[in-house]
Protein chains: 2
Amino acid sequence: MTRSEENYLKTIFHLGGGDSKSITTNAIAEQMETKPSSVTDMAKKLAEKGLVNYVKYQGVSLTDSGVKTALSIIRKHRLWEVFLVEKLDFSWDEVHEVAEQLEHIKSEKLIDKIDELLNFPKYDPHGDPIPTKDGKFQERDKKLLSEMAINATGVCVGVKDSSVPFLKFLDKNKIALGNSIKVLDKEDFDNSLRIQLEGKEMRISHQIASNLYVKKND
Amino acid sequence: MTRSEENYLKTIFHLGGGDSKSITTNAIAEQMETKPSSVTDMAKKLAEKGLVNYVKYQGVSLTDSGVKTALSIIRKHRLWEVFLVEKLDFSWDEVHEVAEQLEHIKSEKLIDKIDELLNFPKYDPHGDPIPTKDGKFQERDKKLLSEMAINATGVCVGVKDSSVPFLKFLDKNKIALGNSIKVLDKEDFDNSLRIQLEGKEMRISHQIASNLYVKKND
DNA sequence: ATCTATTTTTAGTTTTGTCTAAATTTAATT
DNA sequence: AATTAAATTTAGACAAAACTAAAAATAGAT
Ligand SMILES: [Mn+2]
Ligand SMILES: [Mn+2]
Ligand SMILES: [Mn+2]
Ligand SMILES: [Mn+2]
């Protein structure tokens, strides 16, 4: 399994190709910042290896074996992200790039030991779930802050946009995962929100609210 | 800097090419389990980049820039080895293979943080010195056990052969770095040694004694 | 100084992964 | 149903890093 093959599988998974949904050549090319013709070549190779279903002109989806492989890469990526934050004091906007490299290290023992060292975390620094060793993967029950009703309360559990600028913006405004949130008011004009974050009142744009995941309190 | 280029520089350094000594194409090829023609190709490429001095038919040596790069790879390799042993309970015969991969991860912050986490170790699990961040590199004053005089005492500080079988043999015989050693007697017939290891008397073959480094007590 | 064995380089291929440009298929519109 | 636009694939090329086989240079031995 080459690094490139691994990256394609991961991308296809992230685009939804794990649920036997067909992902288009163009979508993959765009996501990977490569050319559609390169994607076609790789699609053939991965199909040959039984990792994707590929029908000419119809796009690709992952086979069971492809899903399993994709999840193992994602598991490694997210565990390394946790490691960098928890053990090496990286901030959550610095970890992705390094994890992109570390996810390709081949040693089952290594990642299992990292998992153990971290006490088997369930979520990465951005709130994304970490697949288990045996490939189980469960999305958390969460909602976008922008979709919550007035007066609803919850806890901030993840980000939709995990780009460096957005993460830095959240840091600057002291918004972090684990923070308690209550929706106070919605402004019809610009869809901005008045919220209470850890007891402190603040105003938040729709842009921000539609990129923050919240777990609603029961 | 590609992974392959990094591996060539590291190999040339290990063969002595850091002291402006010329290393032959064949020597490099043998060490890297590759073909001499491949080495020639890479020699040209590295010379082009100013990392080695290469004269046709005369072999290669590292430039200052080449030495600096080689040392930074070796630093990463050895720090990762310490990390694996100290933080993840790997045994010293398991770390080399994984470190061969980890040494190519590109992130200055990552390796500096690992260094800090490990409390700036000076030696790796096999007793080899770890170059400093600014490329200083000092071999320890050490001697092969086989070259020590009768009644001399010291501490076991390293291995010459760091192959898996040798390391496992040492484990099995409870010989570890840090152990105190006294040479009791030499057997002329087969060059074997009678030694005291941590107070316990034992017999050791010449094969073993000539692969164990000892720091002599003053 | 010449011959020979060894080392090293060159020339030409291969594999992996990418690209461009052209051809083909599909999808949308009239 | 024919036309057109967009998506996709093919064909051919390229760079990196390896290989094999042949040619050239060096070093050792006579
Ligand atoms: Mn990430
Ligand atoms: Mn993440
Ligand atoms: Mn090693
Ligand atoms: Mn070592």
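Sequence lines set the chain letters: A, B, ... in the order given, protein chains first and strands last, and positions in each chain run from 1.
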Provide, to the nearest angstrom, the distance between the [atom1] atom belonging to [X] and the [atom2] atom belonging to [N].
{"X": "A:R3", "N": "C:dT15", "atom1": "CZ", "atom2": "P", "value": "23 Å"}
{"X": "A:E30", "N": "D:dA7", "atom1": "CD", "atom2": "P", "value": "10 Å"}
{"X": "A:E5", "N": "C:dT16", "atom1": "CD", "atom2": "P", "value": "9 Å"}
{"X": "A:E48", "N": "C:dT16", "atom1": "CD", "atom2": "C1'", "value": "15 Å"}
{"X": "A:M42", "N": "C:dC19", "atom1": "CE", "atom2": "P", "value": "11 Å"}
{"X": "A:K35", "N": "D:dA11", "atom1": "NZ", "atom2": "C1'", "value": "18 Å"}
{"X": "A:K49", "N": "C:dT16", "atom1": "NZ", "atom2": "C1'", "value": "10 Å"}
{"X": "B:I23", "N": "C:dT8", "atom1": "CD1", "atom2": "P", "value": "11 Å"}

Check ion pair A:E103-A:R75 (N to O, under 4.0 angstrom):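 Looking at A:R75 together with A:E103, the answer is no, because their closest N to O distance does not fall below 4.0 Å.
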Does a side-chain N or O from [X] land closer than 4.0 Å to OP1 or OP2 of [N], or not?
{"X": "B:S4", "N": "D:dA18", "result": "yes"}
{"X": "A:T40", "N": "D:dT9", "result": "yes"}
{"X": "B:Y54", "N": "C:dT9", "result": "yes"}
{"X": "B:N26", "N": "C:dT8", "result": "yes"}
{"X": "A:K56", "N": "D:dT10", "result": "yes"}
{"X": "A:S37", "N": "D:dT8", "result": "no"}
{"X": "A:K44", "N": "D:dT10", "result": "yes"}
{"X": "B:Y57", "N": "C:dT6", "result": "no"}

Mapping A:Q58 and A:T2 onto DNA chain C by nearest heavy atom, which one lands closer to the 5' end?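 So the residue in question is A:T2.
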Validation row: A:T25, A:Y57 side chains within 4.5 angstrom (heavy atoms):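 They are not in side-chain contact.
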From the options D:dC19, C:dT18, D:dT9, select the nucleotide whose nearest atom is closest to the side chain of A:D41.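 Nearest nucleotide to the side chain: C:dT18.
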Could you state the interatomic distance from NZ (B:K76) to CG (B:L110), rounded to the nearest 0.5 Å?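 So the NZ of B:K76 and the CG of B:L110 are separated by 9.0 Å.
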Nearest 0.5 Å, what's the CG-NZ distance between B:L117 and A:K87?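 Going from the CG atom of B:L117 to the NZ atom of A:K87 covers 8.0 Å.
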Determine whether any donor atom in the side chain of B:T25 lies under 3.5 Å from an acceptor atom in the base of C:dT9, or the reverse, and answer yes or no.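 No, no donor-acceptor pair under 3.5 Å.
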Side chains of B:E187 and B:H206, donor plus acceptor under 3.5 Å: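 No, B:H206 and B:E187 have no side-chain donor paired with an acceptor closer than 3.5 Å.
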